[in-house]
Q: 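Below is one structure. I have some questions about it.
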Number of protein chains: 2
Amino acid sequence: MSLPHAILTALLEKPSSGLELTRRFDKSIAYFWSATHQQIYRELGRLEAEGLIRALPSEQPARGQKREYEVLPAGRDELARWTAASQDPKPLRDVTLLRLRAAAVVGTAGLETDLRRHRELHARQLAKYLEIEQRDFPPGKDGPQDRLRHLVLRAGIDLETFWTQWLDHALSEFAHLPDTDGTGRPGAGED
Amino acid sequence: MSLPHAILTALLEKPSSGLELTRRFDKSIAYFWSATHQQIYRELGRLEAEGLIRALPSEQPARGQKREYEVLPAGRDELARWTAASQDPKPLRDVTLLRLRAAAVVGTAGLETDLRRHRELHARQLAKYLEIEQRDFPPGKDGPQDRLRHLVLRAGIDLETFWTQWLDHALSEFAHLPDTDGTGRPGAGED
DNA sequence: CTAGGCATGTAACGTGTTACATGATTTG
DNA sequence: CAAATCATGTAACACGTTACATGCCTAG
């Protein structure tokens with residue numbers, strides 16, 4: 001139940017149409033929450049039905065017509081409630097780690113190339129975040145809102161740094177690993 | 001499409017029944033891929049229908065009856081193919097970061113308590129992983145399979161360390177932040 | 001023989017993903 | 001006015017989550 005709250009947050013920051021929201025998600029919110037335009041339109045419909053947002057009065061509903069939405073007081077209340085409510089952190093779910101565990105059984109053939117590619121993607125993402133940081137959070141800009149948003153961006157930066165380094169480490173392990181088919185020691189102990 | 005491959009990996013490590021798989025997921029695979037028993041049974045059915053695994057011959061299908069599965073050659077091939085295939089890393093999607101971004105708009109009231117709780121949960125998880133590391137990866141144990149599995153566990157350990165520290169940092173920011181309702185500077189610039 | 005735990009499932013729903021469809025607006 | 005682009009939307013499906021249902025097996 002997070003997408004509606006991501007949308008409420010984005011709409012509070014600035015009233016927008018569906019496509020504008022999609023672009024803002026891609027550009028600025030995607031580093032902690034991504035969404036496609038289909039998801040966003042579906043959710044905008046629900047939020048409007050629930051009375052948490054409304055289309056700006058001037059627009060009449062029509063298919064190819066732009067519709068801008070703004071958050072109603074009930075929507076702001078709901079977002080505040082959700083933000084403060086206790087929520088358990090979700091367990092990690094990472095495909096790359098699963099692939100490595102699988103490689104321990106069926107062999108590492110072919111994996112290294114893709115991990116090297118991932119390493120570059122993470123490094124590029126990191127560079128992009130650092131650019132954003134320089135542009136949006138210069139030394140002077142440190143009001144309460146700036147500090148919180150900077151904190152969020154910092155998490156993104158540090159996570160990309162983490163993955164870049166971890167992949168470097170993993171790749172260096174690969175370097176002095178026999179390129180086995182994994183059957184060297186079958187039923188070895190796990191857990 | 002990762003759950004079937006997680007199951008294939010687990011079954012190659014040791015043929016098991018659905019409930020045994022569920023327990024092994026909880027105990028040992030959950031730090032990079034979690035699943036409920038309903039998901040596992042559904043997926044076991046599909047994998048069997050596709051001819052990637054089979055129930056051990058002795059068992060006849062019956063509702064409350066234990067059914068052990070093992071991986072067929074086609075299943076091993078599929079797992080090897082999947083492991084080596086190129087896959088894009090999934091973008092980050094983290095509720096806590098979203099909550100912080102929302103708090104920049106609607107205020108931080110109530111958030112701190114839950115973040116403190118998260119910090120403790122991550123610290124506890126970290127302690128658990130470190131225990132596993134000591135038990136399962138003593139200095140001598142460093143064959144190819146051990147190195148790969150250790151690498152995976154290391155990612156879990158380092159990520160929990162990361163989140164513990166990040167939350168400490170976030171909480172220290174909270175300490176000298178006015179407990180606003182977020183409306184101090186409404187339409188401030190984002191992206 | 002019954003109560004509790006073991007083991008396997010069904011059903012319903014929410015969210016995310018992919019492919020495609022349609023109307024409006026601008027530009028050459 | 002044709003083509004490209006903007007903008008909104010439908011449909012079908014895959015996956016994950018929650019609640020519940022059913023059959024077996026063993027201890028007391």
Side-chain angles (χ1 to χ4, degrees), chain A residues 1-8 11 15-27 29-30 32-50 53-56 58-69 82 87-95 98, chain B residues 1-8 11 15-27 29-30 32-50 53-56 58-69 82 87-95 98:
Chain A
M1 296 280 282
S2 294
L3 177 58
H5 301 96
I7 291 178
L8 288 173
L11 283 183
S16 309
S17 67
L19 197 56
E20 281 164 12
L21 271 181
T22 304
R23 286 203 240 278
R24 288 172 56 206
F25 264 74
D26 283 349
K27 173 169 74 108
I29 302 184
F32 55 90
W33 206 269
S34 63
T36 63
H37 82 271
Q38 289 87 344
Q39 279 180 278
I40 288 171
Y41 283 118
R42 179 162 62 188
E43 210 56 50
L44 283 172
R46 287 180 194 164
L47 287 169
E48 191 180 21
E50 289 170 28
I53 65 174
R54 66 163 185 181
L56 289 187
S58 60
E59 343 272 350
Q60 73 277 44
R63 195 171 175 112
Q65 205 84 349
K66 186 195 251 194
R67 280 166 65 79
E68 291 220 303
Y69 291 93
W82 177 83
Q87 298 186 45
D88 286 337
K90 292 241 164 142
L92 177 60
R93 203 173 256 184
D94 187 283
V95 180
L98 177 56
Chain B
M1 294 278 281
S2 295
L3 177 58
H5 301 97
I7 291 179
L8 287 173
L11 283 182
S16 308
S17 68
L19 198 57
E20 280 164 12
L21 272 181
T22 304
R23 285 203 241 278
R24 288 172 56 207
F25 264 74
D26 283 348
K27 172 169 73 110
I29 300 185
F32 55 90
W33 206 270
S34 62
T36 63
H37 82 271
Q38 290 87 342
Q39 278 180 278
I40 287 171
Y41 282 119
R42 179 161 63 185
E43 209 56 51
L44 282 172
R46 287 179 194 167
L47 288 169
E48 191 180 20
E50 290 170 28
I53 64 174
R54 66 162 185 182
L56 290 187
S58 61
E59 344 271 350
Q60 74 275 46
R63 194 169 174 113
Q65 204 83 350
K66 186 196 252 193
R67 280 167 64 81
E68 292 221 302
Y69 290 93
W82 176 84
Q87 298 187 47
D88 286 336
K90 293 241 163 142
L92 177 61
R93 201 173 257 184
D94 188 283
V95 181
L98 177 55

Q: In whole angstrom, what separates A/Asp26's CG from D/dA7's P?
A: 14 Å
Q: Could you tell me how far apart B/Leu21 (CG) and C/dC6 (P) are, to the nearest whole angstrom?
A: 17 Å
Q: When you match B/Lys90 and B/Ser17 each to their closest nucleotide on DNA chain C, which lands nearer the 5' end?
A: B/Ser17
Q: For A/Tyr41 and D/dG9, is the shortest distance between a side-chain N/O and OP1 or OP2 below 4.0 Å?
A: no
Q: Okay, side chain of A/Arg67, backbone of A/Gly18: is any donor-acceptor separation there less than 3.5 Å?
A: no
Q: Reckon A/Ser2 touches a base, only the sugar-phosphate, or nothing at all at heavy-atom distances under 4.0 Å?
A: nothing
Q: When you get a sec, tell me which of C/dG14, D/dA14, C/dG9 is the closest nucleotide to the side chain of A/Met1?
A: C/dG14
Q: Less than 4.0 angstrom between a side-chain N/O of A/Gln38 and OP1 or OP2 of C/dG16, yes or no?
A: no
Q: Expressed in angstrom and rounded to an integer, what is the separation of B/Glu20 atom CD from C/dT8 atom C1'?
A: 13 Å
Q: If you round to the nearest 0.5 Å, how far is OG of B/Ser16 from OH of B/Tyr69?
A: 12.0 Å
Q: Set out, in order, the CA-CA distance, both residues' side-chain angles and the distance that settles side chain to side chain contact (heavy atoms under 4.5 Å, CB included) for B/Tyr41 and B/Leu19, then state yes or no.
A: CA-CA 9 Å; B/Tyr41 282 119; B/Leu19 198 57; 3.9 Å; yes
Q: Between B/Glu43 and B/His37, which residue's closest nucleotide on DNA chain D lies nearer the 5′ terminus?
A: B/Glu43
Q: Please give, in whole Å, the distance from C/dA7 C1' to B/Leu44 CG?
A: 12 Å
Q: Within the structure, does a side-chain N or O atom of B/Gln39 lie under 4.0 Å from either OP1 or OP2 of D/dT17?
A: yes
Q: When the distance from CD of A/Glu50 to C1' of C/dG14 is rounded to whole Å, what number comes out?
A: 13 Å
Q: Could you go through the salt bridge (Lys or Arg N to Asp or Glu O under 4.0 Å) check for A/Glu20 and A/Arg23 one step at a time?
A: CA-CA 5 Å; A/Glu20 281 164 12; A/Arg23 286 203 240 278; over 6 Å; no
Q: Could you check which of D/dA7, C/dG16, D/dG9 has an atom nearest any side-chain atom of A/Lys66?
A: D/dA7
Q: Rounded to whole Å, please give me the gap between CZ in B/Phe25 and P in D/dT17.
A: 13 Å
Q: How many Å lie between CD1 on A/Ile40 and P on C/dT15, as a whole number?
A: 15 Å
Q: Whole angstrom is fine here: how far is it from CZ in A/Arg46 over to C1' in C/dG16?
A: 11 Å
Q: On the nucleotide C/dG14, are OP1 or OP2 found under 4.0 Å from the side-chain N or O atoms that A/Arg42 carries?
A: no
Q: Measure from the side-chain N and O atoms of A/Glu43 to the backbone N and O of A/Ile40, and report whether any donor-acceptor pair falls under 3.5 Å.
A: no
Q: Among the nucleotides D/dT18, C/dG16, C/dT17, which one has an atom lying closest to any side-chain atom of A/Leu3?
A: C/dG16
Q: Look at the side-chain N and O atoms of A/Gln65 and state whether any lies under 4.0 Å from the OP1 or OP2 oxygen of C/dT25.
A: yes
